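Remember, predicted model here, so these are calculated numbers, not experimental data. Computed over heavy atoms, backbone and side chain alike; hydrogens, waters and symmetry mates excluded. All chains are named by letter (A, B, ...) in the order of the sequence lines, taking the proteins before the strands, and each is independently numbered beginning at 1.
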Amino acid sequence: MDPSPLPNQAPAFTKALLAWYQENYRPLPWRETPSLYSTVVSEFMCQQTQIATVLPYFDRWMKILPSFEMLTIASESLVIKLWEGLGYYSRARNLQKLAHQWMAAEPKPETAADWLAYPGVGPYTAAAIASITYEEHAAVVDGNVVRILARLTNDQREFSDNGKAVKAFTTLAGLLITHAERPGDHNQAMMELGATICSKANPQCLICPVKDFCEGQRVGNPAQLPRLAKRQIIQKRIDRVFLIHGGRLLIHRIPTTAKRLAGLCELPPGDLLEVSFPAELILTRRRGIANERIEERFLRIDWNSKLHSLITKDETLFWQPLNQLNDITLTGPHRKWLAELMAL
DNA sequence: AAGACGGGGAG
DNA sequence: CTCCCAGTCTT
């Protein structure tokens, strides 16, 4: 006899899930002394970023900017500096805008619908804030939840992208949280389950607290779900210059009007300085950006008068003293690779 | 409905 | 090396 459909078992499901969560949750810093502010900050940082990466950033941020009010007072350059290396810098700018809006708001936003109007807050973050801080029965639907629900229902559909999958499981996620005693913990438990037990690779079905509700586990291959189409990877290559002159390093400040990394600093692109071979190739590094695969080649060039005129003419190029490199905000990889370049 | 947005950890 | 993660915004 087939088991009852999952929605009919929602009360028992959330009960089992919460019981497991209470005994097994990781003591993350934003769970120690929860507040609206710490919840908002952690949710912004965790967008598209793994928890382990976020931890040191979160701790430093909360020490320096412990409240919405402090965040509104801070300079944008400090905010970006604290975000250096996390990526998706619009999150940091949106977070500061949000702080300003929240300070001015009266009455204060509480529901997910209220929060959805704030910059940088989409369906996921709105539900997270409303459930964790205000115990609203709003379900988060992210990659973790999609994976869990696809396996629970043994859903074999193939989704062309993550957005489609999220939409497909939003209704079910909402049904499951309806009867949750503590909606905030229910949502966090779903994410915790996805991060630890119902992981993408090698799910630990034997110790899963909701395996009795899982059609995927009952029928066959939960590890194969969900079925998501993979995206094409684009290959790129860029040459950059590593030039030190008079105790200063040549830096390129990305225009604030740029689409990506606006306002941040980087090692100057070679084409900006009209660098041509032969130049001394001193380091090659690769990195991924979204669906791009970028190879960066670093060239050592010598200072000359032609460069001087180019640099003087271009306002995005400037000299930064070597002992003041921490005063500028570099892109994450360049911050890291600069140490290697200096050692050469 | 697509594409853009950054970076790093895991396997 | 490849994959993809506590998504959102723009076009």
Side-chain angles (χ1 to χ4, degrees), chain A residues 25-26 28-31 38-58 80 83-95 97-98 115-129 131-132 139-148 159-167 170 173 184 186-196 198-203 223 226 228-236 254 258-264 266 285-296 329-337:
Chain A
Y25 73 88
R26 293 169 293 177
L28 302 176
W30 48 86
R31 289 174 177 164
S38 61
T39 300
V40 171
V41 172
S42 65
E43 291 301 339
F44 267 65
M45 285 189 175
C46 286
Q47 289 170 11
Q48 293 292 287
T49 307
Q50 295 181 348
I51 303 299
T53 304
V54 166
L55 290 175
Y57 285 88
F58 180 83
I80 297 299
W83 210 270
E84 180 186 48
L86 263 186
Y88 288 117
Y89 296 90
S90 62
R91 291 183 294 175
R93 296 195 175 88
N94 283 333
L95 185 50
K97 284 186 203 163
L98 180 152
W115 281 100
L116 202 49
Y118 278 69
V121 177
Y124 167 83
T125 306
I129 295 170
S131 64
I132 293 172
V140 298
V141 188
D142 70 331
N144 283 314
V145 175
V146 164
R147 188 168 58 251
I148 293 167
F159 301 101
S160 55
D161 61 71
N162 192 57
K164 293 267 192 9
V166 165
K167 180 175 280 187
T170 294
H186 174 99
N187 278 331
Q188 294 199 74
M190 289 291 279
M191 296 184 280
E192 194 78 348
L193 186 69
T196 60
C198 199
S199 48
K200 177 168 174 50
N202 307 118
L228 293 166
K230 50 185 174 185
R231 288 167 53 167
Q232 188 177 336
I233 302 297
I234 301 166
Q235 306 283 345
K236 288 186 179 177
I254 302 166
K259 285 200 162 185
R260 66 173 70 167
L261 302 171
L264 273 71
E266 61 179 3
R285 285 290 177 269
R286 291 176 181 79
R287 63 185 172 117
I289 300 177
N291 63 332
E292 295 177 12
R293 193 75 198 147
I294 303 174
E295 181 185 74
E296 300 200 28
T329 303
L330 286 163
T331 64
H334 287 193
R335 168 68 63 190
K336 186 172 60 181
W337 297 337

Note, [X] side chain near [Y] side chain (heavy atom, < 4.5 Å):
X: Ile132(A); Y: Asn187(A); result: no
X: Tyr57(A); Y: Thr49(A); result: no
X: Glu266(A); Y: Glu296(A); result: no

Check: Can you tell me how far C1' in dC3(C) sits from the matching atom in dG6(B), rounded to whole Å?
Finding: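 Pairwise C1' distance, dC3(C) against dG6(B), rounds to 15 Å.
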
Note to self: Rounding to an integer number of angstrom, what distance separates dG11(B) and dA6(C) when you compare their P atoms?
What the structure shows: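 Looking at atom P only, dG11(B) and dA6(C) are 13 Å apart.
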
Integer-rounded Å distance: [N] [atom2] and [X] [atom1]:
X: Leu86(A); N: dC5(C); atom1: CG; atom2: P; answer: 18 Å
X: Glu43(A); N: dT8(C); atom1: CD; atom2: P; answer: 9 Å
X: Arg91(A); N: dC5(B); atom1: CZ; atom2: P; answer: 15 Å
X: Leu55(A); N: dC5(C); atom1: CG; atom2: C1'; answer: 14 Å
X: Ile254(A); N: dG6(B); atom1: CD1; atom2: P; answer: 9 Å
X: Lys167(A); N: dA2(B); atom1: NZ; atom2: P; answer: 11 Å
X: Phe159(A); N: dG7(C); atom1: CZ; atom2: P; answer: 17 Å
X: Arg335(A); N: dG7(B); atom1: CZ; atom2: P; answer: 12 Å

Could you check whether [X] gets within reach of a base, just the sugar-phosphate, or nothing at all, counting any heavy atom under 4.0 Å?
X: Arg31(A); result: base
X: Trp83(A); result: nothing
X: Thr53(A); result: sugar-phosphate
X: Val54(A); result: nothing

Can you tell me which nucleotide in [options] comes closest to the side chain of [X]?
X: Arg287(A); options: dA6(C), dG7(B), dG6(B); result: dG7(B)
X: Tyr89(A); options: dA6(C), dG7(B), dG7(C); result: dG7(B)
X: Asp142(A); options: dC1(C), dA6(C), dG8(B); result: dA6(C)
X: Tyr88(A); options: dC9(C), dA6(C), dG6(B); result: dG6(B)
X: Asn94(A); options: dC9(C), dC5(C), dA1(B); result: dC9(C)
X: Ile51(A); options: dA6(C), dC5(B), dA2(B); result: dA6(C)
X: Asp161(A); options: dA2(B), dG6(B), dT8(C); result: dA2(B)
X: Leu28(A); options: dA2(B), dG6(B), dA6(C); result: dA6(C)

[X] side chain N/O closer than 4.0 Å to the phosphate oxygens (OP1, OP2) of [N]?
X: Thr125(A); N: dT8(C); value: yes
X: Arg286(A); N: dC1(C); value: yes
X: Gln47(A); N: dG7(C); value: no
X: Lys164(A); N: dA2(B); value: yes

Next item on the list: Only counting residues at least two apart or in another chain, list the ones meeting side chain to side chain donor-acceptor pair (under 3.5 Å) with Tyr88(A).
Entry: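 Per chain and number, Tyr88(A) pairs via side chain to side chain donor-acceptor pair (under 3.5 Å) with no residue.
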
Which residues pass the salt bridge (Lys or Arg N to Asp or Glu O under 4.0 Å) test with [X], not counting sequence neighbours?
X: Lys164(A); value: Asp161(A)
X: Glu84(A); value: Lys81(A), Arg335(A)
X: Arg286(A); value: Glu295(A)

Note to self: Is it the case that the base of dG8(B) and the side chain of Thr49(A) share a donor-acceptor contact (distance under 3.5 Å, atom types as modelled)?
What the structure shows: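 Check fails, no donor-acceptor contact within cut-off.
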
Do any N or O atoms of the protein come closer than 3.5 Å to N or O atoms of nucleotides 2-4 of chain C, and which pairs are they?
from: dC4(C); atom 1: OP1; to: Lys200(A); atom 2: NZ; distance (Å): 3.1

Check: Stepwise, does the side-chain hydrogen bond (donor to acceptor under 3.5 Å, both in side chains) test hold for Gln48(A) with Arg91(A)?
Finding: CA-CA 11 Å; Gln48(A) 293 292 287; Arg91(A) 291 183 294 175; over 6 Å; no

Item checked: Residues which pass ring-ring contact (aromatic ring centres under 6.0 Å, His included) with Tyr118(A), listed by chain and number, not counting sequence neighbours ->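 ring-ring contact (aromatic ring centres under 6.0 Å, His included) list for Tyr118(A), sorted by chain: Trp115(A).
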
Note to self: Heavy-atom nearest nucleotide on DNA chain B for Arg260(A) versus Ala52(A): which residue maps closer to 5'?
What the structure shows: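 Residue closer to the 5' terminus by nearest nucleotide: Arg260(A).
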
Notebook entry, point to check: More 5' along DNA chain C: Ser42(A) or Gly120(A), using each one's nearest nucleotide?
Noted result: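 In this pair, the answer is Ser42(A).
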
